[in-house]
Amino acid sequence: MQIQLQYSCIRMPYCRFPKRRGAIPFLFLLLLLQGLLVLLPIVSSSSPPTSTIVPQKKHFLSCNWKGSLETTNEVDSLVDDLNRMWRHQLTPAQKEAVLLCVHPPYCFLDRVRSKLDSAIEVGSQNVLDATAPSGPLSGPSPNTGSITPKMLKAVGCDWVLLGHSDRRNNLGETDPLIGDKIRQSLDVGDGKDGLKVTLTIGELAWQRRWGRALPTLRKQLNALIQNVHHPDEWDRIVVAYEPVWAVGDGAVPCSPQEAQRVHAALRAFLTKQVGAEAAQKCRFVYTGSVNEDNAAAYAPLQDVQGFVVGRAGLDTTKLRSILVALAEN
Ligand code: PGA
């Protein structure tokens, strides 16, 4: 019945709409509501809130190489550039102010760790990488091709990057699966010596348009909260906010005010759900196509303690500018 009505509306709009008087005001109200939902964050961004928690740790700068470098020559060349930058183009104060980390693909981790300056930390882009169609993982994965947290520790990894939008949106990773990976990464070894976790969370354009940005982010953050079992573990957690709609060439950037608004809301949520201590220990960093031109606008934000960068991390001139912008705040 409903389908028939819609079908006849499409074919003969002139004869259907005048008879259904409620439809036009309803459509008008719907459009008005959608407009308000879109405007809400913009209006409220004029004076972005700041959290009352003052984070105390050094800034964090992480480079996600994704699949950009595919040969050992390319990898070695970037490692040489990074070593040169770290050893000769930064002051001791700048190096002291920022924790720098790189995330090469699995197959280059061992090579990068052995050639890179030991002051720069190394992380994987993932762990236990199957999407586990039968549900969350239930222990160290015995599956062919699996990379376990213990293997990452064995090649000198300090960090693991989880929940990236590529993996959530293109490879179908779910919050329960990501939560399971978080727990197993923190647990490796005797627990105290486990991997440190950078969890990316972010909302898509349609979620923001329909006022679902913060609920989406809170849901993703809950997967983390449920899998951090000890207060000290929050020292080993970084949450990276990626407004997915603002990433990539040609995308409309997320304003610094809006980034601050979201970061403050996330920290407030963590405070409410877990406590002030966790919210102070956990770092919140921004990852929305940060580059050498816009880093200085995001670096001073009170609730932004650093960045995860993609493309800008492959060029050490750009990376140095970003690191210096962080060190100056
Ligand atoms: P980008 O990538 O900095 O190149 O935009 C960010 C990311 O997707 O991690």
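As the structure lists them, so they are numbered: ligands from 1, and atoms in each ligand from 1. Computed from a prediction, not measured in an experiment: that's the story for all the values here.
Residue contact check: Arg311 has heavy atoms under 4.0 Å from atoms 1 (P), 3 (O), 4 (O), 5 (O) of ligand 1. Taking every non-hydrogen atom of Glu242 and a distance limit under 4.0 Å, the qualifying atoms of ligand 1 come out as 7 (C), 8 (O). Atoms of ligand 1 lying under 4.0 Å from at least one heavy atom of Ser289, given by number and element, are 3 (O), 5 (O). Ligand-side atoms of ligand 1 in range of Lys66: 2 (O), 6 (C), 7 (C), 8 (O), 9 (O), range being under 4.0 angstrom from any heavy atom. Heavy-atom proximity to Val247, at under 4.0 Å, picks out these atoms of ligand 1: 5 (O).
Contacts with ligand 1 closer than 4.0 Å are made by side-chain heavy atoms of Thr287 only, the backbone lying farther away.
Counting all heavy atoms, side chain and backbone alike, Leu162 lies closest to Ser185 at CD1-OG, 4.3 Å.
A side-chain donor-acceptor contact under 3.5 Å links Glu74 and Thr71. Glu203 and Trp245 are linked by a side-chain donor-acceptor pair at a separation below 3.5 angstrom, with hydrogens and angles left out of the test.
With respect to atom 3 (O) of ligand 1, the closest heavy atom belonging to the protein is Gly310 N, 2.9 Å. Looking at atom 9 (O) of ligand 1, its nearest protein heavy atom turns out to be His164 NE2, 3.0 Å.
Checked by distance only, ligand 1 and Gly288 stay at 3.5 Å or farther apart across all their nitrogen or oxygen atoms.
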* Taking it one step at a time, do Lys181 and Asn227 satisfy side-chain hydrogen bond (donor to acceptor under 3.5 Å, both in side chains)? -> CA-CA 9 Å; Lys181 293 182 183 193; Asn227 285 286; over 6 Å; no
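Under a hydrophobic clustering in which Ile, Leu, Val, Met, Phe, Trp and Tyr are joined whenever their side-chain heavy atoms come within less than 4.5 Å, directly or via other members, Leu152 and Val122 fall into the same cluster.
A salt bridge links Arg311 with Asp249: at least one charged nitrogen is closer than 4.0 Å to a carboxylate oxygen. Of the charged side-chain nitrogens involved, none lies within less than 4.0 Å of a carboxylate oxygen, so that Glu242 and Arg168 do not count as a salt-bridged pair.
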